[in-house]
Amino acid sequence: MSVLSLKGGVGKTSMTLGLAGAAHARGLRTLVIDLDPQANATVVLDPSHVEFTANDVLADGRSGILAQAIVPSGWGEGISLVASERALEHRAVPEGDGNVRLRITMQGLKDYDLVLLDTPPALGELTRNALTASDLALVVTEPSLFALQGAQQALEAIDVVRAYNLRLQVAGIAVNRVRPTSSEHRYRMAELALAYGDLLLQPPLPDRAVIQQSAGACTPIQQWRSPPGREVSKILDGYLDRVLGIALEKGPLRAMPNSAT
Ligand SMILES: Nc1ncnc2c1ncn2[C@@H]1O[C@H](COP(=O)(O)OP(=O)(O)O)[C@@H](O)[C@H]1O
Ligand SMILES: [Mg+2]
């Protein structure tokens, strides 16, 4: 699943890591592929050793080569990472290659129940490569003036890729950093609900300092047992349920451990 948004700072990386932590807590084998040159997810996942990055993988482009760039994260057994680096910013994926380059490098990847792709804060080439390699796309937005427009543009970018990646489904729109006491936020939430209805993940993710604290400490939020830590973890767990539900219902994914099938 790709996690995307029109702009930066809305919570893509926090969402990616929050879902990775939720999946890990359930014992799912999880891989995070960091496609953002800012490499924030890489830093928080705190790998002890990185030899090859997503930049090397895309430069190489050979079928299945991504597997060689997978390293264990510092979060423990069961969460792995393909790291990013600044140089990814200048990675021009060759013309005519379409957006399938990343997907080709992921061929044969099988040891994971969930693969999450964190994307750069734009809907450009890297994000299109991520979407082309994905079965699901999760849009993240903030309850701001441009939320509606930003979500719309992200959905349009998904639609463009769906023309040739028929497996791609919209997992939903997650609204992040909501402060229910803000009348502006309540207004924007209502606006989003009117436009997108069931596509919105419920409840929205509130603005909570524990999200920054857990990232700063390079730990999963699920380890933070304070009331805000538990509140955020519970919401993320609900999001994971929804994502896995869509994957199982519509997608080609195999049944998860503990599932009835
Ligand atoms: N719900 C939230 N509450 C408080 N801080 C948040 C929340 N979501 C994200 N942040 C903080 O906002 C900043 C940007 O979030 P990040 O996930 O890095 O966004 P993006 O990946 O879209 O650029 C980070 O410092 C992060 O810790
Ligand atoms: Mg980010």
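Counting convention: from 1, in listed order, for ligands and their atoms alike. Given the structure is predicted, the values throughout are model-derived calculations rather than measurements.
Between Glu125 and Arg128 no salt bridge is recorded (no basic side-chain N to carboxylate O distance below 4.0 Å). Ion pair Asp113/Arg29 flagged as a salt bridge, since at least one NZ, NE, NH1 or NH2 atom sits closer than 4.0 Å to an Asp/Glu carboxylate oxygen. Under the 4.0 Å criterion applied to side-chain N and carboxylate O atoms, Lys234 and Asp237 are not assigned as salt-bridge partners.
Proximity to Pro206 (heavy-atom distance under 4.0 Å) selects the following atoms of ligand 1: 1 (N), 2 (C), 3 (N). Within the listing of ligand 1, atoms 23 (O) sit less than 4.0 angstrom from a heavy atom of Gly8.
In terms of modelled atom types and a separation under 3.5 Å, the side chain of Arg208 and the main chain of Leu205 share no donor-acceptor contact. For Ser73 (side chain) and Trp75 (main-chain N/O), a donor-acceptor pair under 3.5 Å exists by modelled atom type. Here the side chain of Asn165 pairs a donor or acceptor atom with the backbone of Thr132 at under 3.5 angstrom. The backbone N or O of Gln213 lies less than 3.5 Å from no partner atom in the side chain of Trp224, so there is not a single donor-acceptor pair.
Here the heavy atom of the protein found nearest to atom 19 (O) of ligand 1 is Gly11 N, 3.0 Å. Of the protein's heavy atoms, Gly9 N, 2.7 Å lies nearest to atom 23 (O) of ligand 1. Scanning the protein for heavy atoms near atom 27 (O) of ligand 1, the closest one is Gln212 CG, 3.0 Å. Given atom 17 (O) of ligand 1, the protein heavy atom at minimum distance is Ser14 OG, 2.6 Å. Thr13 CB, 3.9 Å is the protein heavy atom nearest to atom 18 (O) of ligand 1.
Ranked by closest heavy atom to atom 10 (N) of ligand 1, the top entry among Arg208, Gln213, Arg177 is Arg177.
Test Asp34, Asn40, Asp118, Thr42 against Thr13 for side chain to side chain donor-acceptor pair (under 3.5 Å) and you get one pass: Asp118.
The protein reaches atom 6 (C) of ligand 1 closely, with a heavy atom under 4.0 angstrom from it.
The Mg ion (ligand 2) has an N, O or S atom of Thr13 under 2.8 Å away, backbone or side chain.
Below 3.5 Å of separation, one finds no N or O of Lys7 facing any N or O of ligand 1. Backbone and side-chain nitrogen or oxygen atoms of Asn176 are examined, and one is located within less than 3.5 angstrom of a nitrogen or oxygen of ligand 1.
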